[in-house]
Amino acid sequence: MGESDRGKGNVSLEGEKVILVPYMEDHVPKYHQWMKDPSLLQATASEPLTLQEEYRMQLSWFQDPTKETFIVLDKDLVVGQFSHGQPHLEAMVGDVNLFMNDLDDPHVAEVEIMIAEPKSRRKGLGKESVLMMITFAIEKLGINIFRTKIGDSNGASLDLFQKLGFVQTSYSSTFKEVTLELQITQPKKEEILGLIKMVIKHT
């Protein structure tokens, strides 16, 4: 499936509380500021990058067919009418990612969520963003097994994914990291689709 077939880079997902937009070059400076926060670096198991490295990372992620990266917009913070294709930096509060790195099984993907802005936490944005990404991945990418790796000290993320039905499959004492998995059966798919109202917009 090519980029044009699956809409990579030209799709926005609109839910009730959030809008997921492609990670654009305009988002990089604010994203870079977020990733100077040691607690966010630890929570996302990331290394600090220079601004130029961050720009290169954004471009490589945009071009990589095994990654889907969306910026989370808090709809409460969108100024004026949402315009598809615009970065809406004023409402940028986090990101949600999908990694399809399992060479043995193209139907497996790893999902990550980060709500970086404290003012937009505890509003259900993370939950809705993950559900939207899972729905998008099931319907457009044919994914039926989702995994996530979370530091064992990140109680909020562990709680979020467990409430969505993810179950622990392994633990790394070396990385102090829990791996959780969600298998999409037909009943689970129907349950997830019933939880989320989402509109897919194309350029």
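The chain is numbered in sequence order, starting from 1.
Taking 4.5 Å as the limit, some side-chain heavy atom of L73 sits within range of a side-chain heavy atom of F82. Under the 4.5 Å side-chain criterion, counting only non-hydrogen atoms from C-beta, F136 is in contact with V11. Between I200 and M198 there is a side-chain heavy-atom pair separated by less than 4.5 Å. Using a 4.5 Å cut-off on side-chain heavy atoms (C-beta onward), T135 and L193 make contact. When side chains are defined from C-beta on, V21 does not count as touching H88, because their heavy atoms never get closer than 4.5 Å. The closest side-chain heavy-atom distance from I134 to L182 is below 4.5 Å. The side-chain heavy atoms of V96 and L20, taken from C-beta on, include a pair separated by under 4.5 Å. Between M114 and M35, the closest side-chain pair of non-hydrogen atoms falls below 4.5 Å.
Through direct or relayed side-chain contacts under 4.5 Å between Ile, Leu, Val, Met, Phe, Trp and Tyr, V108 connects to I145.
With hydrogens and angles disregarded, a donor-acceptor distance shorter than 3.5 Å links the side chain of R121 to the backbone of A116. Under a 3.5 Å cut-off, the side chain of T50 and the backbone N or O of E53 do form a donor-acceptor pair. Between the side chain of E54 and the main chain of L51, no donor-acceptor pair closer than 3.5 Å is present.
Of the residues listed (Y23, Y55, F99), the one engaging W61 in a ring-ring contact (aromatic ring centres under 6.0 Å, His included) is F99, and it is the only one. Screening K188, E190, K189 for a side chain to side chain donor-acceptor pair (under 3.5 Å) involving Q186 leaves a single residue, E190.
Between F70 and P22, the closest heavy-atom pair is CD2-N, 3.9 Å. The shortest non-hydrogen separation linking R147 to D102 is NH1-OD2, 3.5 Å. The two residues L158 and D152 have their closest heavy-atom pair at CD1-O, 3.9 Å. In plain terms, the two heavy atoms of M132 and V18 that are nearest each other are SD-CG2, 3.5 Å. When all heavy atoms are compared, the tightest approach of L77 to E90 is O-CG, 3.2 Å. Among all heavy-atom pairs drawn from M92 and I71, the shortest one is CG-CG2, 3.5 Å.
Ion pairing of E128 with K17 is absent here, as no side-chain N (NZ or NE/NH1/NH2) approaches a carboxylate O to less than 4.0 Å. A salt bridge is absent between K149 and E112; no separation between the charged side-chain nitrogens and carboxylate oxygens falls under 4.0 Å. The pair D74-K123 meets the salt-bridge criterion, with a side-chain N (NZ, NE, NH1 or NH2) lying under 4.0 Å from an Asp/Glu carboxylate O.
Of the inter-residue distances, the one linking H32 atom NE2 with M57 atom CE reads 12.0 Å to the nearest 0.5 angstrom. For the atom pair M133 CE and I143 CD1, the distance stands at 10.5 Å (nearest 0.5 Å). Taking NE2 of H27 as the reference point, atom CH2 of W34 lies at 8.0 Å (rounded to 0.5 Å). Expressed to the nearest 0.5 Å, how far CG of L164 lies from CD of E191 amounts to 9.0 Å. Taking CG of D95 as the start and CD1 of I113 as the end, the distance is 7.0 Å to the nearest 0.5 Å. To the nearest 0.5 Å, atoms CD (Q162) and OG1 (T148) are separated by 11.0 Å.
Summarising the local packing, NZ of K119 is surrounded by more than 12 heavy atoms from other residues, nucleotides or ligands at distances under 6.0 Å. More than 12 heavy atoms of other shown residues, nucleotides or ligands fall within 6.0 angstrom of atom OH in Y171. More than 12 heavy atoms of other residues, nucleotides or ligands lie within 6.0 Å of NZ in K75, so this atom counts as buried by the packing criterion. The environment of E25 atom CD is sparse: at most 12 non-hydrogen atoms of other residues, nucleotides or ligands sit within 6.0 angstrom.
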Where do E117 and K30 land on the side-chain contact (heavy atoms from CB on, under 4.5 Å) test, with the steps shown first?
CA-CA 11 Å; E117 293 289 342; K30 188 169 182 179; 3.5 Å; yes

I138 and N144: CA distance, side-chain angles, deciding distance, side-chain contact (heavy atoms from CB on, under 4.5 Å) verdict
CA-CA 6 Å; I138 292 170; N144 55 33; over 6 Å; no

Output, in order, the C-alpha distance, side-chain angles, deciding distance and verdict of side-chain contact (heavy atoms from CB on, under 4.5 Å) for V72 and I115.
CA-CA 8 Å; V72 178; I115 302 297; 4.2 Å; yes

V178 and T169: side-chain contact (heavy atoms from CB on, under 4.5 Å), yes or no, with the steps?
CA-CA 8 Å; V178 180; T169 55; over 6 Å; no

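No path of Ile, Leu, Val, Met, Phe, Trp and Tyr side chains, each step under 4.5 Å between heavy atoms, connects F175 with V111, placing them in separate hydrophobic clusters.
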